Structure formats: structure tokens, C-alpha cells
Protein chains: 2
Amino acid sequence: MKITHTIKACENCIFRNLLFGSLNQQEYRLVNSVRAEKVFFKGEIIKHEGDELTSFLYLRTGLVKLYKTDHAQKDHILSIHKPGDFISLLHIFSNEFYPYSIATLEKTEVCEVSIDSIKNLIKTNGNFAIDVVKRMGMISDEVISSRFDKAQLQIRGKVASIILYFADQVYQSHHFKLPVTRREIAELIAMSTENVIRTMSEFKNDNILQFNGKEIIISDYERLLNISKMG
Amino acid sequence: MKITHTIKACENCIFRNLLFGSLNQQEYRLVNSVRAEKVFFKGEIIKHEGDELTSFLYLRTGLVKLYKTDHAQKDHILSIHKPGDFISLLHIFSNEFYPYSIATLEKTEVCEVSIDSIKNLIKTNGNFAIDVVKRMGMISDEVISSRFDKAQLQIRGKVASIILYFADQVYQSHHFKLPVTRREIAELIAMSTENVIRTMSEFKNDNILQFNGKEIIISDYERLLNISKMG
DNA sequence: CGCGGCTTTGATGTTCATCAAGTAAAGTGG
DNA sequence: CCACTTTACTTGATGAACATCAAAGCCGCG
């Protein structure tokens, strides 16, 4: 069992303006007073599906997955989230319990903020309320359109989109350490692990990707992009 | 080309309390003053993908689909919405343009409400703001979990879920007129029309469903429910 | 009454899951 | 640090699920 540490303040958090830009000093102090900042190690489960939902999280560093476990103990991943994302903001106003489990894919620092303080701010600060509905729209757009687009693709296109997500959205590089296992990619796109591996081997043989242990290099970005759209 | 009529007031709208329950008389009059109530006939396109998004709609009667058309002119349906649903509430705060086209599946009455009035109410009425974020959470939950669940199923399960959606959520009956074509079901679950038809014929041969023209009767609800979960 | 869209069935090939078997890598306890 | 165990990765073979192509009947609508 790993140990969870509580770390120091985040007065100059670079993500402060993503959601809390319209708070005044007093309101910001209020949020700070009910905020817990935590760090989780790789592979830790932050929340279990069904846990009471009294707070939401935002990621400062690291990477997490939202997932459900079925009756056969098989996991199905809904989405992966990166620094700056607000985890379960979509759910806190309409759910009593976490609808998905949340686990880290690497060492992850989060801020946990209670629902009640957010609800109070929504009621009393109109501009904050507008920021919240805007952010909720952006989050749902991202999840929904990502799932919608992938539903039309076959396996090559689905795998290509996942790799491009890490390259473009997470690491902003064509050379990075893949933070998920082949099985997790399979759980994310609802395909078998074997066929995910086969597809990635194809990409390697076609000189689209190179592998070196967990490291991945995109050698033909244009073709990968094309596969993710048309494949 | 069909003609769109503007119809009368909706002071006693049964859906008023779904979203506008916390407005006072004055605020409600304001909403009324910027509201347009319209009726569309079957098959009309209410909004095209890319149209300017300055208002949202809520359905009083009827049925609509949200969809996109791809480069090959093939439609892909994101979701189907029934009376009481708030169409594009998820999108109005974060999108300048409609991300999906909206078309009617049957004669449909809608109320169209301008974004600006909604935004003003969010800023000035905290309880309304809470109602909006709660409603947005419910809408996104519905779309996301429906897509997430169906992604794990094969075609029998997917088709079964669609039929159960109409039976349970829309018509509250085991006997109804199917409001979509086989092709539209295919567009909704990303399968070929032929295989949707084959699956429905299987259900007929297995005495799970009966057909009579566009009418459909669910003869073995339990089995259909089971297929929608396990299939 | 004829045209176009919807529906249906069959035949064929592609895509994918599953089973099997083995290698490599990573964690675990002595 | 090494033996041991587990988990991740890989490839091949086989069959199931599904798309596609083709042909024909049906039905509503102008």
C-alpha cells in the first residue's frame, strides 16, 4: 500500500485562471480554505465508483483515467485526463456518488475542492457561474465528440487517435513515454489487447511509429493523422 | 419545402419546472418575451451543423435527432431527444456554432430561448444557475453513459437498447410506432443497415419482437432487456 | 403508375475476438 | 541480489461478427 502525502499551498497555481479567474480575494481565500492538495503515486485509485461525491478534483500534474469495472472484473476506460482538467465537474451537481473510478497513470498532484463551496460561489458570483457552465460545456464536448468520432473508425483509426492524443494534447511532442499499457488502450477503445498490439506492430512495420521499451517515436505524423481521421 | 408555424403561448408549460422553476414572475416574463414557440413537421431540419448558436431549444412534443454528415454524405446520429429535453444546453456556453445538425423525426413543437437571456439569469439568479449546472450534468451523463455502455455491446445488444429506449423512455409502452428507419438506427449505433435489419429479423424469429408495418410490439421484454445488458 | 427510398435476404470477404503458446519485463520475498 | 511470481507483450491460427455487394419486393407519394 502506497502512502498519500498532503503538500503545500498553490497560491500561484497556473490553472487558477481556468476556472477561478473571476473570484475576488475573499472568495479565493474561501476556496483555499476548503481545498486539499494531494499527491498520488502511479497506480493509486483516487476514488472508487460509488464513493460519495462531495468534491471535485483538478489536476496540477500527472495523468488519470476514469473507468468502470464490469461483472467479469474487466475494466472499461471512459477517458484519460491531463493537467488542467477538472475531474468530475460534470458530475458533481447531478450525482450523489462517483459514477466512475479514478486512478492515476503516473504520479499525480491534485487539488480537491468541496462541492458546497463551489455551489455557494455559483449562487453568489454570476461571472463564476458563467465560467462553470462554459467549462462544463467544454468538458462534455471533449468526451462526447471523442467517443462519437472514434465510434466511426476501425481499430487502426482508434489506436492512431489515442497515440495522437498523447502526442498533441498531453506531451506536445512526437517522442514520449507511453503512460498506458496496451491493455489500457484496449480498454479505452473497446477492442482486444491482442489486436491493439498487432495494430501497433503494423504501424511499426509501416515506419509510422518506432518503439524503444515504453518510449514511442512518431516517425510519420502526417500518415498517423490521416489514419486517425479516415481509418 | 415545408412551412414552419409560430404557435401560441405556453404559460402553463408542463416542462416549465424542469429548468425555470426557480424564476420569479418578472424573470419568467423576461424569458417569455424572448421566447419563440415553433412547430416543425416530420423530416425538417431545425438547425444545420455550423449555424450560429444564439439560442437553445426545448421540446414540448415530438422527437428530434442530433447528427453530423461526413465527407461521403453519410449521416452519423449522436442522440435522439424526446419531449422535456433541452437541446444544445450543453453547447450554448462554449460553442459559437451548432456542432450537430438537428432534424425532426416526427412533428415537433419547440420553444427557442436566446442565450443572452439565459446567461443574464445565470448571473443574477443563483438558484437558476444551480438548476442549469444540474441539468447540464444530467444531459451529459445521459449522452456519455449511453455511448459508453453501447460501446461494450455487439450488434444485438445495441439494437435492443435502442428499442428499449423508445419503449421505456419515449412511449412508456411495449407497443408503438417506430419513429426511425432501420438506416437511422444503423447511423445511431455505427453499424450497417443490413445488419440492423438482420438483427431485428432475428428478434422476430426468436419471438422477442413482432412487426406490423412501422408498428412494433415487444413480446418478450425480459429477454430484450437481458440482451441489451449482456449482448 | 412509376419513381425513389425503405426493407429484406443471400453470398462473399474483411475485420476482429478468442485461444494458445511463448518471450520479456517488472515486481516480491528470502 | 537472486529465485520466483506475476504482469505485460508478442505472434500465429482459427472462427465469429460484421461490412459490403447484389438483387428483388414493398410502399408512399407525386
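In the text below, chain A, chain B and the rest are named by the order of the sequence lines, each starting its count at 1. Given the structure is predicted, the values throughout are model-derived calculations rather than measurements.
- Taking atom CD1 of residue B/Ile216 and atom C1' of nucleotide C/dC6, one finds them 16 Å apart after rounding to whole Å.
- A close approach under 4.0 Å does not occur between any side-chain nitrogen or oxygen of B/Lys214 and OP1 or OP2 of D/dC27.
- Side-chain N/O atoms of B/Ser201 include one lying less than 4.0 angstrom from OP1 or OP2 on C/dT9.
- If you take OG on A/Ser88 and CG on A/Leu53, they are separated by 5.5 Å, rounding to the nearest 0.5 Å.
- The side chain of B/Ser192 sits closest to D/dT20 out of D/dT20, C/dA17, D/dT11.
- Of the candidate nucleotides C/dC6, C/dT8, D/dC18, C/dT8 has the atom lying nearest to any side-chain atom of B/Ile197.
- The interatomic distance linking B/Lys177 (NZ) with C/dC6 (P) rounds to 14 Å, in whole Å.
- With hydrogens and angles disregarded, no donor-acceptor distance shorter than 3.5 Å links the side chain of A/Asn95 to the backbone of A/Tyr98.
- With rounding to whole Å, A/Met191 atom CE is found 15 Å from C/dT18 atom C1'.
- Note that A/Arg182 lies in the cation-pi zone of A/Phe211, set by a 6.0 Å cut-off to the ring centre and a 45° limit from the axis.
- Regarding A/Asn212, its CG atom lies at a distance of 14 Å from the C1' atom of C/dA24, rounded to whole Å.
- If you check residues 146-159 of chain A against DNA chain D, you find no residue with a heavy atom closer than 4.0 Å.
- With distances taken from any side-chain atom of B/Arg198 to the nucleotides C/dG10, D/dT11, C/dT7, the minimum falls on C/dG10.
- The side-chain tip of B/Lys68 points at the ring of B/Tyr100 from less than 6.0 angstrom away and within 45° of straight on.
- Judged by distance alone with a 3.5 Å cut-off, no donor-acceptor contact links the side chain of B/Glu194 to the base of D/dC18.
- Distance CZ (B/Arg182) to P (D/dC27): 13 Å, rounded to an integer number of Å.
- Between the C1' atom of D/dT7 and the CD atom of A/Glu184 lies a distance of 12 Å, rounded to the nearest Å.
- Checking the phosphate oxygens (OP1, OP2) of C/dA17, a side-chain nitrogen or oxygen of A/Asn195 falls inside 4.0 Å.
- In this structure, B/Ile189 places its CD1 atom 11 Å from C1' of D/dC18, rounding to the nearest Å.
- Residue order along DNA chain C, read from the 5' end via each residue's closest nucleotide, puts B/Lys204 first among A/Thr193 and B/Lys204.
- Between the CG atom in B/Asp51 and the CD1 atom in B/Ile102 there is a gap of 9.0 Å [rounded to 0.5 Å].
- No more than 12 heavy atoms of other residues, nucleotides or ligands sit less than 6.0 Å from atom CD of A/Glu96.
- Under the 4.0 Å criterion applied to side-chain N and carboxylate O atoms, B/Arg60 and B/Glu37 are assigned as salt-bridge partners.
- Rounded to an integer number of Å, the gap from CG of A/Leu178 to P of C/dA25 is 16 Å.
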